[in-house]
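Read the structure below first, then the notes.
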2 protein chains.
Amino acid sequence: MKRRRPDVGAACPPAAAGADGRPVDGPAADAELAALCKAVGHPARVRILRLLAQRNECICGQIVAELPLSQSTVSQHLAVLKRAGLIRGTIDGPRTCYCLEPRTLRRFRALAGGL
Amino acid sequence: MKRRRPDVGAACPPAAAGADGRPVDGPAADAELAALCKAVGHPARVRILRLLAQRNECICGQIVAELPLSQSTVSQHLAVLKRAGLIRGTIDGPRTCYCLEPRTLRRFRALAGGL
DNA sequence: GCTCGTTATCGTGTTTCGACGATGAAACGC
DNA sequence: GCGTTTCATCGTCGAAACACGATAACGAGC
């Protein structure tokens with residue numbers, strides 16, 4: 001039983017991201033910052049984040065068209081960003097529409113600023 | 001004779017500039033942010049940066065003592081941070097004294113903030 | 001000069017990443 | 001139903017990251 005098409009979030013998944021007000025240092029924050037940085041630490045993923053920032057939201061196919069990478073590779077990068085909570089994907093018919101997750105992004109900026 | 005300036009792209013007026021005048025987006029900035037994030041994207045390296053921020057400067061041995069890693073592994077993490085320009089190491093007799101590189105750190109914060 | 005303490009580098013094994021093509025799964029139009 | 005479009009996942013491969021012990025380099029002190 002291979003479940004394809006996991007839930008990409010019905011429309012507004014909680015994303016388990018904490019709101020602001022959490023500490024920007026300490027062991028937990030260290031791990032959090034490291035994980036977020038690791039997710040951002042690839043040129044293609046930075047590019048994806050920038051695209052989403054420009055266009056507010058983006059069909060997966062549009063992102064693939066902008067990058068010099070295969071569709072499967074882009075899909076993997078999207079999965080990395082999603083796992084890190086930096087983006088959100090909502091199924092829109094046969095497509096998947098990606099957008100930034102502002103909360104995590106703010107959190108990332110706060111942690112980076114705390115360095 | 002030293003070069004006057006390491007080519008900062010004299011002729012091209014940047015669209016968006018950080019505090020130091022360099023752009024915070026565009027292909028070059030994408031690669032730069034990705035490289036910096038990749039360097040920060042490991043818990044041990046975040047920890048090292050935090051240690052250096054607390055103590056201002058740190059002998060390599062002190063860092064090794066604070067981390068649950070072998071001396072050679074810590075030395076490698078330090079090399080990664082140094083290669084990324086985030087820290088600087090000066091030889092002090094038989095020891096090596098590490099400290100943060102504020103310029104790169106500011107640059108990192110600017111780029112992260114530009115996301 | 002020799003030894004000791006400190007740190008960088010080497011060699012190695014294991015794990016993870018990054019890329020791709022191929023395959024499969026859902027939604028849609030017919 | 002059936003094929004198309006769109007995207008996620010699988011399988012695979014090479015390259016890089018990560019961790020360690022062992023070893024080399026380098027000053028300092030005797």
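Quick caveat, the model's predicted, so the values are computed rather than measured. Order of the sequence lines fixes the chain letters, A, B, ..., with proteins taken first and strands second; residue numbering starts at 1 for each chain.
If you measure from atom CZ of B/R83 to atom C1' of C/dT9, you get 12 Å, rounded to the nearest angstrom. Taking atom CZ on B/R47 and atom C1' on D/dC18, their separation rounds to 18 Å, with Å as the unit. Here the C1' atom of nucleotide C/dC28 and the CG atom of A/D92 are 12 Å apart, to the nearest Å. In this structure, the CG atom of A/L81 is 16 Å from the C1' atom of D/dC7, given to the nearest Å. Atom CG of B/L67 and atom C1' of D/dA19 are 13 Å apart (whole Å). The nearest whole Å value for the distance from the CD1 atom in B/I48 to the P atom in C/dT7 is 13 Å. Computed from coordinates, the B/I91 CD1 to C/dT6 C1' distance equals 11 Å when rounded to whole Å. Regarding B/I87, its CD1 atom lies at a distance of 13 Å from the C1' atom of C/dT7, rounded to whole Å.
A salt bridge is absent between B/E101 and B/K82: the closest approach of a Lys/Arg side-chain nitrogen to an acidic carboxylate oxygen does not fall below 4.0 angstrom.
In terms of phosphate contacts, A/H42 brings a side-chain nitrogen or oxygen within less than 4.0 Å of OP1 or OP2 of C/dA19. Contact between the side-chain N/O atoms of A/H77 and the OP1/OP2 oxygens of C/dA19 is found at a separation under 4.0 Å. Close to D/dT6, at under 4.0 Å from its OP1 or OP2, lies no side-chain N or O of A/Y98. Note on B/R45: a side-chain N or O is less than 4.0 Å away from OP1 or OP2 of D/dC18.
Each of A/C97 and B/S72 was matched to the nucleotide of DNA chain D holding its nearest heavy atom; the match closer to the 5' end belongs to A/C97. When each of A/G41 and B/R95 is assigned the nucleotide of DNA chain C with its nearest heavy atom, B/R95 is the one assigned upstream, toward the 5' end.
Nearest to the side chain of A/S70, among C/dC20, C/dA27, D/dA8, sits C/dC20. The side chain of A/K38 sits closest to C/dT16 out of C/dA19, D/dC18, C/dT16. Closest to the B/Q71 side chain, of the nucleotides D/dT9, C/dA8, C/dA19, is C/dA8. Side-chain proximity of B/P94 to D/dA8, D/dA28, D/dA19: nearest is D/dA28.
Classified by interplanar angle (parallel below 30°, tilted 30° to 60°, perpendicular above 60°), the ring pair A/F108/B/F108 is perpendicular.
A donor-acceptor pair under 3.5 Å is absent between the side-chain atoms of A/Q54 and the main chain of A/L51, judged by distance alone. Without hydrogens or angle criteria, B/Q62 side chain to B/I59 main chain gives a donor-acceptor distance under 3.5 Å.
For D/dA19, the base has a donor-acceptor partner in the side chain of B/Q76 [N/O atoms by modelled type, under 3.5 angstrom]. With hydrogens and angles left out, the side chain of A/T73 and the base of C/dG18 share no donor-acceptor pair within 3.5 Å.
Once rounded to the nearest 0.5 Å, the distance linking CZ of B/R47 with CG of B/L69 reads 10.0 Å.
Note on B/L78: nothing from the nucleic acid sits closer than 4.0 angstrom, heavy atoms only.
Dense packing is recorded around CZ of A/R55, with more than 12 heavy atoms of other residues, nucleotides or ligands lying under 6.0 Å away.
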